Each structure stands twice: as structure tokens, then as C-alpha cells.
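Everything below concerns the one structure shown next.
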Amino acid sequence: MKVLLIGSGGREHALAWKLDQSPLVTDLTCAPGNAGIAEIASTVAIAADDIPTLLGLIQREKYDFVVIGPEAPLALGLADELIERGVKVFGPTQAAAQLESSKAFTKTLCDKYNIPTAAYGVFTDIEPAKDFLKTMTPPYVLKADGLAAGKGVVIPETLKEAEQELADYFSGKFGDAGQKVLIEEFMHGEEASFFAISDGKTALPLIAAQDHKRAFDGDKGPNTGGMGAYSPAPIFTQDVFDDVMTKIIQPTVDGMAKDGHPFQGVLFAGLMITKDGPKLIEYNARFGDPECQVLMRRLDSDLMDIFIAAEAGNLDKLSAPKWSKDSVVNIVMAAKGYPVSYEKGTPIEGIETAEHQDERVIVFHAGTRRDDSGALLANGGRVLNITASGENIKDAVERAYKAVETIDWDDGFYRSDIAHHALNRS
Ligand code: AMP
Ligand code: GLY
């Protein structure tokens with residue numbers, strides 16, 4: 001099969017690495033890709049959100065199958081365009097991707113189908129929003145309705161700060177995404193990311209991972225796309241899994257179908273494991289980044305087989321995917337200053353050494369490129385994903401940090417406490 005993968009992050013490098021191992025994939029291209037992806041696939045310099053140019057490429061090259069990695073092309077309706085043209089695609093339609101692109105949409109679905117989540121209100125005007133705030137207890141959770149690159153959520157401690165933040169939302173701090181604001185109950189517990197594949201009717205459970213959203217050690221600093229991940233997540237017990245599948249994932253798949261927008265693609269549930277059981281924080285309509293990297297390293301089955309069955313509506317006939325018993329840890333290396341402002345173009349060395357000194361280490365690239373001489377340069381905020389497998393989380397953490405030390409990149413930083421929740425438990 002001639003396959004096109006859309007995206008350029010660590011998630012897409014991990015997907016490309018896994019697709020490259022599939023006997024079903026004979027030709028793999030990635031748009032736009034990165035320097036790591038370019039080592040295993042062809043790359044085409046078209047941005048993931050440049051829908052018209054992507055459609056031109058797809059028409060010209062006659063790909064058999066398109067896999068959409070990030071949220072932007074999903075929210076822009078790339079899957080709809082491909083379905084209309086008779087091109088097979090893995091990824092939800094624009095209407096189904098509202099699970100990620102509109103938090104209010106997801107909350108309405110939760111209400112309608114009794115899916116456990118935080119109590120909330122949705123507001124388009126500041127005065128009623130302020131009145132609602134006064135009925136809540138601190139800390140306050142405020143969210144922009146639309147896509148805000150992971151930065152649309154603030155959690156102020158005091159009512160005064162919360163009111164100030166509200167004013168910022170309504171004055172256009174997040175553009176259109178902030179013209180509708182959600183105010184939520186604060187849920188206490190530990191977070192986990194859980195993934196399932198849906199073909200519109202059947203939900204195929206994958207596994208859980210845990211992410212580290214804050215930039216600095218001790219969960220301090222600004223929110224990022226994710227600074228590291230690990231799997232398995234010890235908090236995700238069999239009981240939690242059963243609850244998540246029966247109370248959250250299956251009702252979502254059924255509800256989306258009933259409401260006329262069946263969801264085909266990856267359901268990424270951001271969960272709070274509370275003392276009353278798992279509750280939904282939010283959905284994403286794609287794999288998590290960096291969670292995808294640890295999932296792909298643990299997946300022993302053919303990823304393309306899963307994508308094909310999801311597209312064809314045959315997931316009920318597919319046997320359960322097989323997973324390695326190993327633990328996998330991913331440490332993200334980011335450019336100093338990320339997620340606020342950072343330099344691009346700084347040189348990176350040492351990846352080959354990291355991979356050669358330990359066969360359990362694989363480095364997935366995110367924002368990287370090569371200059372004319374072939375030297376590797378940073379080309380984004382999150383730049384490298386140092387992944388290691390191990391017999392347990394501790395073993396994987398030690399291998400991953402040893403590998404990080406061999407990376408020679410003066411302009412990079414990383415968190416030194418990835419997987420601390422899991423280590424503290426064991
Ligand atoms: P979201 O973009 O909705 O996933 O929110 C970003 C982060 O804010 C989450 O990963 C949580 O850490 C936190 N958060 C969001 N909603 C809540 C909530 N209702 N209660 C507690 N923490 C929350
Ligand atoms: N790591 C969280 C996300 O991909 O949104």
C-alpha cells in the first residue's frame with residue numbers, strides 16, 4: 001500500500017517507525033515530516049494544515065491510504081474531503097472531531113449520555129459567567145471552548161484572579177477560541193491518558209499512558225504539549241479500565257453514532273482518576289504526543305492492520321492488539337524557553353551514540369531539520385523524544401536518562417522527574 005502520513009511531530013515519527021515495519025506498507029510518505037522521519041520515509045514539504053495543497057498531492061500521487069496525525073487538519077475537515085474523493089483515510093470527520101475542537105460539544109454529549117465528567121457552565125457573556133464563578137469553590141477551572149494549542153485552560157486559585165482571567169478571555173486573549181468559555185468544577189485525583197480506536201461502532205481498547213504537562217520539574221511552570229510520558233500507568237488498574245470502557249468510551253462511540261456523526265479514528269480520553277472513579281477531563285481526536293511514542297514502542301501488532309480495519313468498519317473482526325510487557329519511558333528534550341519563546345537552528349549531536357550504547361533506546365524526532373551539510377538542527381519547541389524500554393519503569397527511566405546524557409545540545413532542556421508518580425508508587 002502507498003501510504004501518506006500527515007504531521008511533523010514526535011507522534012508522527014513514532015507512527016512512521018511503526019508503519020514502516022508493516023508488510024502492508026510498501027511506500028511511506030510523510031507531509032511535512034522532520035529529519036528523523038526522513039530517514040525512514042519520503043517527505044514532502046507541505047504543512048499539515050495546508051488542506052488545498054495536500055489534496056493536490058493526494059490526487060496526483062494516488063495514495064491508497066492517508067493517516068492524519070495532528071488535530072488541525074481534522075478540525076479543518078481533511079478527512080471529509082478525502083472521503084468525498086473516495087480516498088481511504090484514518091481519522092475522524094470535522095463533525096466527529098468536534099470532540100476535540102469544541103469542549104462545549106463534548107460536555108453536551110457527556111450530559112446526554114451520562115458520561116462522568118466535571119460539573120460545568122458554558123458562557124458567551126461575562127456577567128453570567130461571573131455570577132456562575134461565585135457559586136464555585138477554588139481552585140477555578142476556566143477553558144476556552146475551541147482549539148488553543150493546549151494553552152486554553154487556566155486554573156486560578158482566587159476568585160479575584162479568576163475574574164481577571166475571565167475578562168481576558170472575553171477581550172480576545174485566545175481569539176475566537178475564547179469567545180465561548182467553560183467554567184468547571186475542579187476534580188481532584190491523578191491524571192491518565194487512555195486511547196481507543198473506533199470505527200464508528202466498535203471501540204478497540206488500546207492502553208493507557210501518563211503525560212507530564214508542565215514545563216519544569218515538580219509539575220511547575222507553564223503548560224506544554226507534554227514533556228514526557230510512560231506506560232504502563234500503575235494507576236490504570238483493571239477496575240479503572242473496565243469503568244473507562246463501559247462508562248466513558250463505549251457510551252461516547254454509541255452516542256456519536258446516534259447523533260449522526262460516527263467517530264472513526266483515535267479516541268484519546270484525558271482522565272482524572274478520582275476517589276469516585278475515572279472522570280473525563282477532555283477528549284482529543286488523535287494520538288497524544290508524547291503518549292503515542294510510548295504506545296508505539298509497546299505495540300507488538302501491525303498498526304496498519306488496525307487502521308485498515310477502522311476505516312473499513314471491521315474492528316469487531318480484528319483480534320485484540322498485542323502489547324509488550326516492557327515498560328517504556330519517553331523524555332522530551334525541548335528548546336530552552338519553550339513553550340514561550342525559543343531559538344531555532346541550534347546544533348544537536350549524539351543521537352547515534354545514544355542509540356548504539358543501548359539497544360533499548362530509540363530517539364524519535366519532533367522539531368528537527370538538516371542543513372545543507374547534513375548537520376542536525378533544532379527546528380521547533382519540542383525537539384527530541386528519548387524513549388527507552390525496560391523490564392520495569394525504573395529500568396526504563398534509568399536507560400532513558402543515560403541516553404539523554406549522551407545528547408549534545410546546549411540549547412535544550414528536559415525534565416529530570418519523568419515517571420515520578422509511577423516510581424513513587426513502586
Ligand atoms: P484540558 O486541556 O481540558 O485537558 O486541560 C488541561 C489540564 O488542566 C488538564 O490536563 C488538567 O491538568 C487540568 N484540568 C482541566 N480540567 C480540570 C478539572 N475540571 N479539574 C482539575 N483539573 C483540570
Ligand atoms: N500530550 C497531550 C496531547 O497530546 O494533547
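Whatever order the structure lists ligands and atoms in, that order sets their numbers, starting from 1. Remember, predicted model here, so these are calculated numbers, not experimental data. All values below come from the heavy atoms of this structure, side chains included, with hydrogens, waters and symmetry mates left out. We count residues from 1, following the sequence as given.
Ligand 2 lies nowhere less than 4.0 angstrom from a heavy atom belonging to Gly270. Judged by the shortest distance from any of its heavy atoms, Arg286 lies inside the 4.0 Å radius around the atoms of ligand 2.
Under 4.0 Å is where a charged nitrogen must lie from a carboxylate oxygen, and between Lys103 and Asp145 no such pair does.
Taking the six-membered ring wherever Trp is involved, the centroid distance between the rings of Tyr414 and His212 does not fall below 6.0 Å. Separation of the Phe186 and His188 ring centroids falls under the 6.0 Å cut-off.
Remark: ligand 2 and Phe268 share no N or O pair separated by less than 3.5 Å (distance only, no angle test).
Ring geometry, Phe194 versus Phe241: the interplanar angle exceeds 60°, so the pair is classed perpendicular (tilted spans 30 to 60°). Taking the six-membered ring where the residue is Trp, Trp17 and Phe364 present perpendicular rings, their angle passing 60° and hence far from 30°. Aromatic ring orientation, Phe216 versus Phe413: tilted (interplanar angle from 30° to 60°).
Interface of Glu291 with ligand 2, defined as ligand atoms under 4.0 Å from a residue heavy atom, comprises 1 (N), 2 (C). Each of the following atoms of ligand 1 lies closer than 4.0 Å to a heavy atom of Ile281: 3 (O), 4 (O), 15 (C), 16 (N). Which parts of ligand 2 touch Asp211 is read off a 4.0 Å heavy-atom cut-off, strictly below it: atoms 1 (N), 2 (C). Heavy-atom contacts of Met272 reach the following atoms of ligand 1: 21 (C), 22 (N) (cutoff under 4.0 Å). The distance from ligand 1 to the heavy atoms of Ala118 drops below 4.0 Å at these ligand atoms: 19 (N). Counting atoms of ligand 2 from 1 in the listed order, those under 4.0 Å from a heavy atom of Gly225 are 1 (N), 2 (C), 3 (C). Listed by number with element, the atoms of ligand 2 under 4.0 angstrom from any heavy atom of Gly288 are 4 (O). Short contacts between ligand 1 and Val141, defined as distances under 4.0 Å to a heavy atom of the residue, involve ligand atoms 16 (N), 17 (C), 18 (C).
At a threshold of 4.5 Å between non-hydrogen side-chain atoms, the residues Thr252 and Phe263 do not count as touching.
In this structure, Thr106 contributes its side chain and Leu99 its backbone to a donor-acceptor pair below 3.5 Å.
Side-chain contact of Glu190 with Gln210: a donor-acceptor pair under 3.5 Å is present, judged by distance alone.
With a 4.0 Å heavy-atom cut-off, ligand 1 is reached by no atom of Asn223. Contact annotation: for Met187 versus ligand 1, heavy atoms closer than 4.0 Å belong to both the backbone and the side chain. Looking at Lys103 against ligand 1, only its side chain comes within 4.0 Å, counting heavy atoms.
Across the listed options Lys213, Glu282, His188, Lys213 owns the non-hydrogen atom lying nearest to atom 7 (C) of ligand 1.
Between Lys344 atom NZ and Thr368 atom OG1 the span is 11.5 Å, to the nearest 0.5 Å.
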